[in-house]
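Report on the structure given below.
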Amino acid sequence: MRVPRNVQSIERAAAILRILASGDRPRPLGVLAELVGLRKSTARGIVRTLTSVGFRAPGPRLRGLRPVP
């Protein structure tokens, strides 16, 4: 019997969403990537996708990321 494996991209997106939801201020992409343990380019792709599906929004003046209220 095969043991089901988690989908890595969903785990990464969930980690980013958890960080965004736990903070009260926008987080710069570089800080977010470091907190999750990803390359900045990988974090950027995940954040871009989360934005396109409505799960996050750019912070003030696009300087940080915040969850959609």
Side-chain angles (χ1 to χ4, degrees):
M1 177 169 20
R2 291 182 80 185
V3 176
R5 294 184 50 184
N6 292 341
V7 178
Q8 186 180 44
S9 59
I10 294 174
E11 289 179 333
R12 291 172 168 181
I16 288 174
L17 288 171
R18 272 190 227 98
I19 290 169
L20 292 174
S22 69
D24 58 347
R25 66 189 192 296
R27 303 247 185 202
L29 182 62
V31 171
L32 188 61
E34 186 176 326
L35 289 170
V36 178
L38 298 174
R39 291 181 181 207
K40 194 173 175 179
S41 61
T42 301
R44 181 182 297 113
I46 292 170
V47 166
R48 185 179 303 127
T49 302
L50 290 171
T51 300
S52 73
V53 298
F55 276 91
R56 63 141 305 269
R61 296 180 298 184
L62 302 177
R63 300 193 119 216
L65 308 173
R66 62 179 173 79
V68 173

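The figures here come from the full heavy-atom set of this structure, side chains too, leaving out hydrogens, waters and symmetry mates. Heads up: numbering here begins at 1 and tracks the sequence.
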*asked:* Testing the basics here: between Ala15 and Val36, what is the closest heavy-atom pair and its distance to 0.1 Å?
replied: CB-CG1, 3.9 Å
*Is the closest side-chain heavy-atom distance between Leu38 and Ile46 below 4.5 Å?*
yes
*Separation between OG1 of Thr42 and CD of Gln8, rounded to the nearest 0.5 Å*: 9.0 Å
*With rounding to the nearest 0.5 Å, note down the distance linking CZ in Arg27 to CD in Glu34.*
11.0 Å
*Are Leu29 and Val53 linked, directly or through other ILVMFWY residues, by side chains that come within less than 4.5 angstrom of each other?*
yes
_On a heavy-atom basis, which atom in Lys40 and which in Gly30 lie closest, and how many Å separate them?_
CE-N, 4.1 Å
*Look up atom CD1 in Ile16 and atom CG in Leu32, then write down how far apart they are to the nearest 0.5 Å.*
5.0 Å
